[in-house]
Student: 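Here's a structure for you.
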Amino acid sequence: MTKPLTFGLRALPALAILCSANPAFAGAFLIQEQSAKETGRALSGAAVAADGPASIYFNPASMTKLDGVQVEAASQFLFLTASQEDQGSTRGVPGLPVSVPTGGSNGGNPFPQPLLVPSGAISAQLSDNVWAGLAVNAPFGLIAQYDDDFFGRYDTLRADVFTLNVQPSLAVKIGDNVSVGAGIDVQYIDVELTNAVPNLSPTAPDGFARVKGDDISIGWNAGIMVDFAPVRIGAHYRSQVKQNLEGTFELSGLLGPLAGNNATVDATAPLTLPDIATLSIQLGTDTPWRVFGTWRYYDWSDFKEIAIYPEGGVPPQISEQNYEDSWSMSLGGEYDVSDKLTLRAGTAFDESPITDAYRSARVPDADRVWASVGLTYDMSDRFSANLGYSHVFVNDAPLDRTDAFFEGTPAEIATTIRSDSSGNADILAVSLGARF
């Protein structure tokens, strides 16, 4: 039976309500751009920089450094480019011991310009020792649309994945030097993935496969911050979120002996999003200068495959992913030029969890390096504006992936995408903060 979807659900940057980023520029399909200040220091202050409500997402314990009621609204504008260069992509022909060129265009830049990633947060001091907060983010996502005649069309045509994470949190100050915090992650996910399906003859028009589904699941996160002036240390853990998407699986456009496979049926697809551990250190707490360093560990290795389970007698659709655990490191600093103006900068290295053997055009991810700058300007005692800019240098990476359609039948067709993938990203982040 058919194996139409190489369900490369591993890059989830779409948008809808909270928009997205590109897997190739955010660590598989993780969207790390959730704060204008963190964008400006290349994410180096993640679990320790308690300088606004946006920090709740990175470590809820940070709220204990925020007086009164504070609100922050942010938008990240991602200008992403990616290109695929055909290196001999082929498809098989049933009954013949040869493969023929897939043919087609390079698919164009699959990303609309710009992609928007909004986020928001609020914190409130309830007493001398207790804080409550709420952060709303899109932590995973993907939106990519290749031209219909893309030479990698049997691998992917469209990927549209959206997540919305609502994180209510509490934080408690334990003595003068230690703070702890925790939150619940209520996470919604919505997915649409499509690709072409080969008919028996290379001269026939392609068939078409689509999977759509959504789900709501629960996770949690917790963090701690310890002050040893002039040093602050922060640690944060975000749990796995196990989604079980429910929706439809559609196969259409198959001709001749394959026409009996055309169907639209209900389907489910389990998906485990990784847990993430973060350790950060800050040097300089009551000084006009601050230096930050952060190390992150991403437990991607549980993501072994994408499995779609259609109903109606259609066999499971399995696509191996075999992600590996990955890590990132970042270093940054900032300086208070005056009571109103703070300048910051940083750099980061982010390792991809995707190996060469399983890379897909749906998520053409590779290792990347960040170069970032930013500033904060206090317009008054109550209001401030933040600006961050990052250029992300993404390594070129090969695609050499083979998938089988109608596997185990006389009509079995193997398709291989061979491509050189390249790209980069520019990120412009802005936010407004208010204190009451």
Side-chain angles (χ1 to χ4, degrees), residues 8 10-15 19-34 38-44 76-87 106-117 139-146 150 152 155-156 159 161 274 294 296 298 300 321 323-332 345-373 388-401 417-429:
R10 41 142 162 216
L12 273 113
L15 345 234
C19 296
S20 90
N22 165 5
F25 309 111
F29 50 89
L30 173 64
I31 304 177
Q32 302 190 68
E33 301 82 8
Q34 303 295 343
E38 284 305 316
T39 296
R41 54 185 169 233
L43 309 173
S44 60
Q76 320 274 338
F77 300 89
L78 284 77
F79 299 86
L80 312 175
T81 60
S83 63
Q84 300 295 329
E85 183 178 344
D86 192 4
Q87 298 296 315
N106 66 5
N109 181 15
F111 306 111
Q113 305 292 315
L115 296 177
L116 173 65
V117 186
F140 297 89
L142 165 69
I143 184 167
Q145 176 76 59
Y146 291 94
F150 174 40
D155 180 44
T156 186
V161 187
T294 288
R296 277 195 181 95
Y298 310 91
W300 280 111
Q321 304 299 310
Y323 274 31
E324 296 181 346
D325 294 340
S326 63
W327 58 275
S328 66
M329 292 185 66
S330 52
L331 180 67
T347 186
F349 172 79
D350 196 4
E351 182 187 41
S352 173
I354 299 171
T355 61
D356 288 351
Y358 295 96
R359 186 172 289 108
S360 165
R362 188 167 282 127
V363 189
D365 195 29
D367 296 347
R368 64 200 67 79
V369 174
W370 292 52
S372 304
V373 293
Y389 168 77
S390 294
H391 182 78
V392 184
F393 303 87
V394 184
N395 289 352
D396 293 351
L399 273 70
D400 190 351
R401 182 184 179 105
I417 178 174
R418 297 185 181 93
S419 175
D420 284 337
S421 177
S422 61
N424 56 59
D426 291 288
I427 303 167
L428 179 64

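Keep in mind the model is a prediction, meaning the values are calculated, not measured.
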Student: Are the side chain of Arg359 and the backbone N or O of Pro398 linked by a donor-acceptor pair below 3.5 Å?
Tutor: yes
Student: Of all heavy-atom pairs between Gln34 and Pro139, which one has the smallest distance, and what is that distance?
Tutor: NE2-CA, 3.8 Å
Student: Hey, could you give me the OG/CZ distance between Ser326 and Arg296, rounded to the nearest 0.5 Å?
Tutor: 11.0 Å
Student: Ignoring hydrogens, what is the shortest heavy-atom contact between Gly152 and Ile417? Give both atom names and the distance.
Tutor: CA-CD1, 3.7 Å
Student: Taking the six-membered ring for Trp and the single ring otherwise, decide whether the centroids of His391 and Tyr389 are under 6.0 Å apart.
Tutor: no
Student: Parallel, tilted or perpendicular, judged at 30° and 60°: which one describes the rings of Tyr146 and Phe150?
Tutor: parallel
Student: So, Asn424 versus Thr81: side-chain donor-acceptor pair below 3.5 Å or not?
Tutor: yes
Student: With a 3.5 Å distance limit and no angle check, can you tell me whether Asn109 reaches the backbone of Leu80 through a side-chain donor-acceptor pair?
Tutor: yes
Student: Is a side-chain N or O of Thr347 found less than 3.5 angstrom from the main chain of Trp370, in a donor-acceptor match?
Tutor: yes
Student: Would you check, one step at a time, whether the test side chain to side chain contact (heavy atoms under 4.5 Å, CB included) holds for Asp400 with Asp356?
Tutor: CA-CA 7 Å; Asp400 190 351; Asp356 288 351; over 6 Å; no
Student: Kindly compute the distance separating CZ (Arg418) from CG (Leu399), expressed to the nearest 0.5 Å.
Tutor: 11.5 Å
Student: I'd like to know if the side chain of Ser421 and the backbone of Ala397 have a donor-acceptor N/O pair within less than 3.5 Å.
Tutor: no
Student: Stepwise, does the side chain to side chain contact (heavy atoms under 4.5 Å, CB included) test hold for Val117 with Leu78?
Tutor: CA-CA 8 Å; Val117 186; Leu78 284 77; 3.6 Å; yes
Student: Please confirm whether the backbone N or O of Glu33 pairs with a side-chain atom of Thr39, one donor and one acceptor, at under 3.5 Å?
Tutor: no
Student: Between Glu351 (side chain) and Phe349 (backbone), is there a donor-acceptor pair under 3.5 Å?
Tutor: no
Student: Can you name the closest pair of heavy atoms from Leu43 and Ser330 and give their distance?
Tutor: O-OG, 3.3 Å
Student: Using only atom types and a distance under 3.5 Å, with no angle test, would you say the side chain of Thr294 pairs donor to acceptor with the backbone of Ser44?
Tutor: yes
Student: Pair Ile31, Gln76 - check side chain to side chain contact (heavy atoms under 4.5 Å, CB included), show working.
Tutor: CA-CA 11 Å; Ile31 304 177; Gln76 320 274 338; over 6 Å; no
Student: For Pro110 versus Pro112, what's the shortest heavy-atom pair and its separation?
Tutor: O-CD, 3.7 Å
Student: If I compare all heavy atoms of Asp350 with all of Ser328, which pair ends up nearest, and what's the gap?
Tutor: OD1-CB, 3.5 Å
Student: Any donor and acceptor pair, going by atom type alone, linking the side chain of Ser390 with main-chain N or O of Ile427 inside 3.5 Å?
Tutor: no
Student: In terms of relative ring orientation, are Phe140 and Trp300 parallel, tilted or perpendicular, with 30° and 60° separating the classes?
Tutor: perpendicular
Student: Under 3.5 Å, side chain of Asp365 to main-chain N/O of Ile354, donor-acceptor pair present?
Tutor: no
